[in-house]
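One structure below.
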Amino acid sequence: MADTDPHPPRHPRRARTPLPLPREVALLLQGGGALGSFQAGVYERLDELAIDVTWVAGISIGAVNAAIIAGNPPHRRLSRLKKFWYTVSGGMPNVILPEIDPVREVAHLTAAGVVAGFGVPGMFRPRLWPAVLMPEGSPGAISFYDSAPLKETLNACVDWDLLNEGPVRLSVGAVDVESGNFSYWDTRGPGGNTRIDARHIMASGALPPGLPPVEIDGRWYWDGGIVSNTPLAHVLDHQSDDMLVFQVDLFPAEGPMPRQMTDVYSRTKDIQYSSRTRQVTDQYLRLRHEHGAIKALLDKLPPDLQSDPDALALRDMLDCASVNIVHLIYRTRNWESGAKDFEFSRSTMLDHWSQGRDAVEEVMHKGDLIARNIINGKSSTFDLDEPDHLKEKSA
């Protein structure tokens with residue numbers, strides 16, 4: 001696919017005071033299937049604003065986007081993201097639809113039905129025989145689709161040598177089927193670097209019962225979203241310097257009371273896969289506040305007590321680096337249902353992509369608040385809870 005942009009940006013690149021970036025800038029990408037093109041739109045707008053990401057971490061489709069970003073040089077990342085998303089959204093005609101909710105809802109459900117029946121190009125395809133007719137223990141007996149096409153697509157979109165040895169750190173997570181434990185593979189991991197290839201990305205997105213588990217070094221793995229759909233805790237646990245985090249959530253934790261059964265299905269999925277991101281961020285901000293108070297007390301001790309082994313051990317436990325977390329949350333359209341994560345039509349993909357760009361633009365209108373925190377070494381979370389209102393919660 002050519003490197004030209006088939007859909008021009010809705011916002012031109014704007015001249016603005018550059019954000020004073022800390023040494024670590026992390027982009028965290030949730031799982032969410034077809035909603036993942038929202039993340040691609042986020043990255044596109046961050047790139048236009050010259051916000052250079054040093055660490056990408058992802059679960060499921062977030063792992064796919066993260067691998068494409070880390071596995072390509074800066075000038076090629078967007079073209080490879082577009083190659084992936086235009087491939088997986090190419091299974092049905094690209095129809096321009098009027099912005100009328102009932103019309104969009106019918107098209108949305110029809111497209112999701114096509115995916116259920118025929119799979120997604122470059123990602124997964126239906127198996128020839130039903131699971132009940134397959135040999136016990138075989139991939140076909142424990143999954144409805146074959147994910148082999150995803151390996152070919154990933155190999156076409158990712159330079160694995162650059163991904164593992166290049167400047168951008170990559171972390172992806174999955175769950176061990178037999179132990180139930182969560183595992184992270186990290187190209188800069190504290191226990192030694194992991195050589196990541198297509199298997200790790202496929203394992204992170206192997207959501208049962210649709211897709212089969214993936215074997216890596218004698219262990220079998222399923223989609224990490226079963227345990228936690230956000231890599232936030234992993235990144236904050238291994239933070240080594242002041243950090244700016246863009247947390248891209250595809251399932252909103254907050255939402256309206258359901259009014260019919262289709263709303264129940266959609267709302268249940270939102271709650272399940274939002275992974276309580278705000279709860280995690282609140283917990284880490286509270287810890288930063290407590291660590292800061294302990295450090296202030298240790299600094300007031302006389303020199304002989306400051307050098308006491310217990311005081312030194314306590315100081316080593318403190319994490320006083322600042323972290324500012326910017327939440328970028330996908331807002332479900334009125335016409336979307338619980339099938340929104342496997343509706344891969346071209347028109348919906350482009351809509352998600354555009355929303356990702358818009359989410360960054362809306363937040364960066366208030367970028368001076370984020371910049372102030374970075375300069376002052378202050379820790380906070382930022383959430384665009386309504387148009388043109390950036391809510392800040394400090395440590």
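Using a 4.0 Å cut-off between charged side-chain N and carboxylate O, R199 and E215 make no salt bridge. Ion pairing between K269 and D341 holds under the 4.0 Å rule for side-chain N and carboxylate O. Comment: R23 does not engage D242 in a salt bridge, judged by the lack of any side-chain N to carboxylate O separation of less than 4.0 angstrom. Under 4.0 Å is where a charged nitrogen must lie from a carboxylate oxygen, and between R45 and E362 no such pair does. With salt bridges taken as basic N to acidic carboxylate O contacts below 4.0 Å, one links R195 and D161. A salt bridge links K340 to D270: one of the charged nitrogens lies within less than 4.0 Å of a carboxylate oxygen. Using a 4.0 Å cut-off between charged side-chain N and carboxylate O, R331 and E254 make no salt bridge. With salt bridges taken as basic N to acidic carboxylate O contacts below 4.0 Å, one links D299 and K295.
Nearest heavy-atom pair, A174 versus Y221, reported as atom, atom and distance to 0.1 Å: CB-CB, 4.1 Å. Nearest heavy atom pair, residue G90 against residue P121, reads C-CG, 4.1 Å. Of all the heavy atoms in Q239 and A321, the pair that sits closest is NE2-CB, 3.6 Å. The shortest non-hydrogen separation linking A148 to D146 is N-OD1, 3.0 Å. For the pair A57 and V235, the tightest heavy-atom approach, listed with the atom from each and the gap, is CB-CG2, 3.8 Å. Summarising the geometry of M349 relative to S89, their closest heavy-atom pair is CE-OG, 3.6 Å, with the distance given to 0.1 Å.
Counting only N and O atoms by type, the side chains of D176 and N181 include no donor and acceptor under 3.5 Å apart. There is a side-chain donor-acceptor pair under 3.5 Å between N155 and W160. Looking only at atom types and distance, the side chain of T230 has no donor-acceptor partner in the side chain of Q30 under 3.5 Å away. Side-chain atoms of E343 and H108 form a donor-acceptor pair, as typed in the model, at a separation below 3.5 Å. Checked by atom type, the side-chain pair H352/E336 shows a donor-acceptor distance below 3.5 Å. At a cut-off of 3.5 Å, with distance as the only test, no side-chain donor of N164 or T187 sits close to an acceptor on the other residue. Under the 3.5 Å distance criterion, with hydrogens and angles disregarded, a donor-acceptor pair is assigned to the side chains of W55 and S171. In this structure, a donor-acceptor pair under 3.5 Å is absent between the side chains of H238 and D186. A donor atom on one side chain and an acceptor atom on the other are not found under 3.5 Å apart for S337 and E105. For the 3.5 Å distance criterion, the side chains of D358 and W353 fail to qualify, holding no donor opposite an acceptor.
Taking the six-membered ring for Trp and thresholds of 30 and 60 degrees, F251 and Y273 have ring planes inclined between 30 and 60 degrees apart. By the 30° and 60° cut-offs, the orientation of the rings of F38 relative to Y330 is perpendicular.
Applying the salt bridge (charged side-chain N to carboxylate O under 4.0 Å, His left out) criterion to R127, with sequence neighbours excluded, gives no partner residue.
The same ILVMFWY cluster, assembled from side-chain heavy atoms under 4.5 Å apart, contains both F344 and L207. Transitive grouping of hydrophobic side chains (ILVMFWY, heavy atoms separated by less than 4.5 Å) keeps V264 and L109 in distinct clusters. M364 and V248 fall within the same hydrophobic cluster, defined by Ile, Leu, Val, Met, Phe, Trp and Tyr side-chain heavy atoms under 4.5 Å apart, directly or through other members. No path of Ile, Leu, Val, Met, Phe, Trp and Tyr side chains, each step under 4.5 Å between heavy atoms, connects M257 with M261, placing them in separate hydrophobic clusters. With hydrophobic clusters built from ILVMFWY side chains whose heavy atoms lie under 4.5 angstrom apart, L312 does not share a cluster with L298.
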Evaluate the ring pair (Phe, Tyr, Trp, His ring centres under 6.0 Å) criterion for residues Y184 and F182: first the C-alpha distance (whole Å), next the side-chain angles of each, then the deciding distance (0.1 Å), finally the verdict. CA-CA 7 Å; Y184 266 99; F182 202 90; 5.0 Å; yes

Check the pair R77, Y43 against side-chain hydrogen bond (donor to acceptor under 3.5 Å, both in side chains), reporting the backbone distance first and the verdict last. CA-CA 9 Å; R77 290 170 186 164; Y43 177 78; 3.2 Å; yes

From CA spacing to verdict: side-chain hydrogen bond (donor to acceptor under 3.5 Å, both in side chains), D249, Q247: CA-CA 6 Å; D249 293 347; Q247 167 71 37; 2.5 Å; yes

Is there a side chain to side chain contact (heavy atoms under 4.5 Å, CB included) between L150 and V120? Walk through the geometry before answering. CA-CA 9 Å; L150 180 56; V120 174; over 6 Å; no

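Atom CD of residue E361 and atom OG of residue S354 lie 11.5 Å apart, to the nearest 0.5 angstrom. Once rounded to the nearest 0.5 Å, the distance linking CG of N324 with OG of S380 reads 5.5 Å. L250 CG to L35 CG: the interatomic distance, rounded to the nearest 0.5 Å, is 5.5 Å. Rounding to the nearest 0.5 Å places CG of L162 at 8.5 Å from CD of E165. A distance of 12.5 Å separates CE in M243 from CG in L21, rounded to the nearest 0.5 Å. For the atom pair CG of L287 and CG of L318, the computed distance is 11.0 Å after rounding to the nearest 0.5 Å.
Between the side chain of H200 and the backbone N or O of D197, at least one donor-acceptor pair lies under 3.5 Å. Checked by atom type and distance alone, the side chain of S228 never pairs as donor or acceptor with a backbone atom of G224 at under 3.5 Å. Listed for the S274 side chain is a donor-acceptor partner under 3.5 Å among the backbone atoms of I271. The backbone N or O of F124 sits nowhere less than 3.5 Å from a side-chain atom of S147 that would complete a donor-acceptor pair. Side-chain atoms of S79 come within 3.5 Å of backbone N or O of R76 as a donor-acceptor pair. One N or O on the side chain of R169 and one on the backbone of R188 form a donor-acceptor pair closer than 3.5 Å. When atom types are taken as modelled, the side chain of T110 and the backbone of V106 share a donor-acceptor pair closer than 3.5 angstrom. The closest donor-acceptor contact from the side chain of T87 to the backbone of G122 lies at 3.5 Å or more, if one exists at all. Here the side chain of S307 pairs a donor or acceptor atom with the backbone of D304 at under 3.5 angstrom. In this structure, T194 contributes its side chain and W185 its backbone to no donor-acceptor pair below 3.5 Å.
Annotation: side chain of R219 is in contact with side chain of S179 (closest heavy-atom distance under 4.5 Å). The side-chain heavy atoms of V326 and I370, taken from C-beta on, include a pair separated by under 4.5 Å. For the pair P149/R125, a side-chain contact is recorded, criterion being any heavy-atom separation below 4.5 Å from C-beta on.
In the hydrophobic clustering (ILVMFWY side chains linked at under 4.5 Å, chained through shared members), L297 stands by itself. I375 belongs to no multi-residue hydrophobic cluster, having no ILVMFWY side-chain contact under 4.5 Å with any other such residue.
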